[in-house]
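Notes for the one structure printed next.
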Amino acid sequence: MHRYRSHTCGALREGDIGDTIRLSGWCHRIRDHGGVLFIDLRDHYGLTQVVADPDSPAFKLAEKLRAEWVVRVDGKVRRRPEGTVNPDLPTGQVEVYAAEIEVLGPAAELPMPVFGEQDYPEEIRLKYRFLDLRREKLHSNIMLRGRVIDSIRARMKAAGFFEFQTPILTASSPEGARDFLVPSRLHPGKFYALPQAPQQFKQLIMVAGFDRYFQIAPCFRDEDARADRSPGEFYQLDLEMSFATQDDVFNAVEPVIRGVFEEFGKGKAVTPKFPMIPYAEAIAKYGTDKPDLRNPLVMQDVSEAFRGGGFKIFARILEEPSAHVWAIPAPGGGSRAFCDRMNSWAQGEGQPGLGYIMFGEGTEPGSARESLVKAFGKVGLDVDYEGEAKRVSGRGPLANNIGHERTEIIRKQLNLRAGDAVFFVAGKPKDFYKFAGAARTKVGEELNLIDKDRFEFCWIVDFPMFEWNEEEKKIDFSHNPFSMPNYPVEDFLALDSNDKDTLLSIMAIQYDIVCNGIELSSGAIRNHRPEVMKKAFAIAGYPEQVLKEKFGGMLHAFELGAPPHGGIAPGIDRIVMLLAGEENLREVVLFPMNQRAEDLLMGAPSEVTAKQLRELSIRVDLPKK
RNA sequence: GGGGGCGUAGCUCAGUUGGUUAGAGCGCUGCCCUGUCACGGCAGAGGCCGCGGGUUCGAGUCCCGUCGCUCCCGCCA
């Protein structure tokens, strides 16, 4: 017999009845009936009920056991008496009659129970992460994560990708997020940086001729946390392909992502073919470059219905040429209570309010209401007109102000019916689109329009290469300076750096994958032509000297025979989060840090000794409080 | 860096217009209980009401400050 166990706690079945066996595990739950005592013994594999009664020599010790003690139990497998079978347990047909119990690891009183589903404060959960990880939900999330990564690896290898390791100690890069720095002992005053992503390495791997790279890559960024963004470190499925177009990348990645979501998505529908949505269209329809397509609402431009109309606030805004009015439909939202709720929500978001029109069924001929409408309609108490099937009237102050013809134009354009509402945002789209997107999400949530049982994917494409930095009055890179502009090389090289309009219209061959409103990844066909790179940096106001200093290694590599290449890097943590149905990354990471980037279990970050600092030629100069 | 929410027993929470001795469930300790699987019953321990200041005859409750947790904005190629 093995020192600790002959079976795991999830193994015993009817076929084992009569056998003498040995189990080890945690005392999950103990039910002491005085004369008979039950212990649910738990390990990684499952739960087995152990029974002790006064006839057993193990009984005295069994009475002393407490939750989460680790014990070894020897005993005989027996059939549970009639009526006491537990169909919820795979081992529920049998139980182990304890003959001998050995305590392998006693436990003091627990700061949080392992048993049960009750929520606990993050601080305690993180400090006692090993206890939290014993709990069923977190334990299975972590196992899911492992299986997802296995599946991704297998799919990537089957698609002809090869896995590489890249350095963890590397050079600080000037673009993007704040770096984590590691001081060098051998080079006083100099620092390594942890990679924000293996971006330059994977491009160099392509230059080195390896053709198809992937890695489950750790990435380090010293930025503030969010629910869907771990502070400090996270993992990406990082991949890169040589001689690849955007379509090639999509065709390589989409089946991997779709396959993983179909495999682990518990039957939820997965988008069969990811639609491609241009960045500008995503902003216009959804108010964000990461739209949740489970939300069916699509915004529309209704500027013309307000231009020169009776609603003076909007009419005046529209006198500015770049101003627009966007409409957010709210099917089923045509009640005063709902529109008021949305209005106060908007005020909570720092907006002056949220204009709306409600649509109600028209009045019946001869009704008291109709006579009121007849009497007061012209002075704007109500507006009434013929709908397609029913008489539908637009209601609320806006409808009254713009009159029924304009109201009807909006209603027809958005295909709204009685009982619906529509909300409006006005101004310069670049100032209000985020709020409009938030309003679209809010309406979708409030009206229960979001189908939670789907994974809705899309590609966002055609990102602008540059954007206007109003503060510094200059052109900036919009997203990634390493993306290839979607522009003929000769024409790009000939661009006038002062031709703002042309420059801002240039797209980069860059793309995102979005699922259910979460950005899973960002990628691009890279700019592998040194002269194009120099030109792009010059447009963004960086002299060639800066480019050489910061990206000299890669620039040099591109001067010695670089293949066209591109890739993408889906976030592993976010994929697992979606598959596990969790709202927070910490639920799918083994040992996460808290929102202030502290590891409460290991006590990181921590002070170090004076000797360590001396070796590194570092003197600490704390900020004054 | 900024904003919102929260902070009462080990944990989850209740606590009335400010008013005697601050409660419940889970957990813990002891006793009882031979078929439970969220076992049940009885008894008990456990509280600087985050911290500091203020208003008041009186503060868990109202005000100011501060700290902590959390969510969001900024930030995140």
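Proteins come first, then strands; the chains are lettered A, B, ... in the order of their sequence lines, and each starts at number 1.
For A:D53 and A:Y97, the side-chain atoms include at least one donor-acceptor pair closer than 3.5 Å. A donor-acceptor contact under 3.5 angstrom links the side chains of A:R31 and A:Q49, judged on distance only.
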Tabulate protein N/O versus nucleotide N/O from nucleotides 12-14 of chain B, keeping only pairs under 3.5 Å, one per line.
residue : atom : partner : partner atom : Å
B:U12   : O4'  : A:Q118  : NE2          : 2.8

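Of the residues near RNA chain B, A:M112 and A:R66, the one whose nearest nucleotide (by heavy atom distance) lies more toward the 5' end is A:M112. Mapping A:Q199 and A:K434 onto RNA chain B by nearest heavy atom places A:K434 at the nucleotide closer to the 5' end.
Of the candidate nucleotides B:U36, B:C75, B:C71, B:C71 has the atom nearest to the side chain of A:R586. Checking B:G35, B:C69, B:C37 against every side-chain atom of A:R80, the shortest atom distance belongs to B:C37. Out of B:C37, B:C11, B:C76, the shortest distance to the side chain of A:E223 is found at B:C76. Here the side chain of A:I124 is nearest to one of B:U36, B:C11, B:U34, namely B:C11.
Nucleotides B:U61 and B:G19, compared at atom P, are 11 Å apart to the nearest Å. The separation of B:C63 from B:U55, taken at their C1' atoms, amounts to 7 Å, rounded to a whole angstrom. Separating the P atom of B:G25 from that of B:A45 is a span of 15 Å, rounded to the nearest Å. Taking atom P in both B:C72 and B:G27, the straight-line distance is 33 Å, to the nearest Å. For the P atoms, the distance linking B:U16 with B:G52 amounts to 23 Å, nearest Å. Look at the P atom in both B:G46 and B:G23: the space between them is 14 Å, to the nearest Å. Separating the P atom of B:U17 from that of B:C32 is a span of 47 Å, rounded to the nearest Å. Here, B:A9 and B:G60 have their P atoms 14 Å apart, quoted to the whole Å.
Using a 4.0 Å heavy-atom criterion, one finds that A:N584 contacts the sugar-phosphate atoms exclusively. Using a 4.0 Å heavy-atom criterion, one finds that A:P113 contacts no nucleic acid atom at all. Base contact: A:R78 has a heavy atom under 4.0 Å from a base atom. Note on A:A197: a base of the nucleic acid sits closer than 4.0 angstrom, heavy atoms only. At a threshold of 4.0 angstrom between heavy atoms, the contacts of A:D224 include nucleobase atoms, whether or not backbone atoms are also involved.
Using a cutoff of 4.0 Å between basic side-chain nitrogens and carboxylate oxygens, A:D40 and A:R29 are not scored as salt-bridged. Under the 4.0 Å criterion applied to side-chain N and carboxylate O atoms, A:R294 and A:D292 are assigned as salt-bridge partners. Under 4.0 Å is where a charged nitrogen must lie from a carboxylate oxygen, and between A:D476 and A:K474 at least one such pair does.
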**OP:** Report the C-alpha distance between A:F477 and A:F537 in whole Å, list the side-chain angles of each, state the deciding distance to 0.1 Å, and finish with yes or no for ring-ring contact (aromatic ring centres under 6.0 Å, His included).
**Re:** CA-CA 8 Å; A:F477 286 113; A:F537 274 74; 5.0 Å; yes
Original post:
Given A:Y213 and A:Q215, is the side chain to side chain donor-acceptor pair (under 3.5 Å) satisfied, shown in steps?
Top reply: CA-CA 7 Å; A:Y213 148 96; A:Q215 179 180 198; 2.8 Å; yes
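For B:G35, its base never sits under 3.5 Å from the side chain of A:R79 at any donor and acceptor pair. In this model, no side-chain donor or acceptor of A:R596 finds a partner on the base of B:G68 within 3.5 Å. Between the base of B:C75 and the side chain of A:R229 there is a donor-acceptor pair shorter than 3.5 Å. With hydrogens and angles ignored, a donor-acceptor pair under 3.5 angstrom links the side chain of A:E95 to the base of B:G35.
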Subject >> Letter per nucleotide, 5' to 3', of nucleotides 38-43 of chain B [B base touched, S only sugar-phosphate touched, - untouched; heavy atoms, 4.0 Å] >> reply: SB----
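Look at CG on A:D53: it is 15 Å from P on B:U36, rounded to the nearest Å. Distance NZ (A:K127) to P (B:G68): 16 Å, rounded to an integer number of Å. Taking atom CZ of A:R226 as the reference point, atom C1' of B:C73 lies 6 Å away to the nearest angstrom. As rounded to whole Å, 16 Å separates atom C1' of B:G10 from atom CD of A:E68. Across the protein-nucleic acid pair, A:F59 atom CZ and B:G35 atom C1' stand 13 Å apart, rounded to whole Å. Atom NZ of A:K64 and atom P of B:C31 are 10 Å apart (whole Å).
In this pair, A:F466 and A:F492 present their aromatic rings parallel. The plane angle is below 30°, not in the 30 to 60° band. Using bins of under 30°, 30° to 60° and over 60° for the plane-to-plane angle, the ring pair A:F250/A:Y511 lands in the perpendicular bin.
By the salt bridge (Lys or Arg N to Asp or Glu O under 4.0 Å) test, A:E544 is found to be paired with A:K534, A:K548, residues two or more places apart in sequence or in another chain being considered. Every residue two or more places apart in sequence or in another chain that forms a side chain to side chain contact (heavy atoms under 4.5 Å, CB included) with A:E445 is listed here: A:T441, A:I450. Partners of A:K442 under the side-chain hydrogen bond (donor to acceptor under 3.5 Å, both in side chains) rule, at least two apart in sequence or in another chain, are A:E446.
Base-pairing analysis of RNA chain B finds the following stems of at least three consecutive Watson-Crick or G-U pairs, with both pairing distances under 3.5 Å: B:1-7 with B:67-73, B:10-13 with B:23-26, B:28-32 with B:40-44, B:50-54 with B:62-66.
Distance alone, capped at 3.5 Å, is enough to place a donor-acceptor pair between the A:R221 side chain and the A:Q196 backbone. Panel note: side chain A:N141, backbone A:E587; a donor-acceptor pair is recorded below 3.5 Å.
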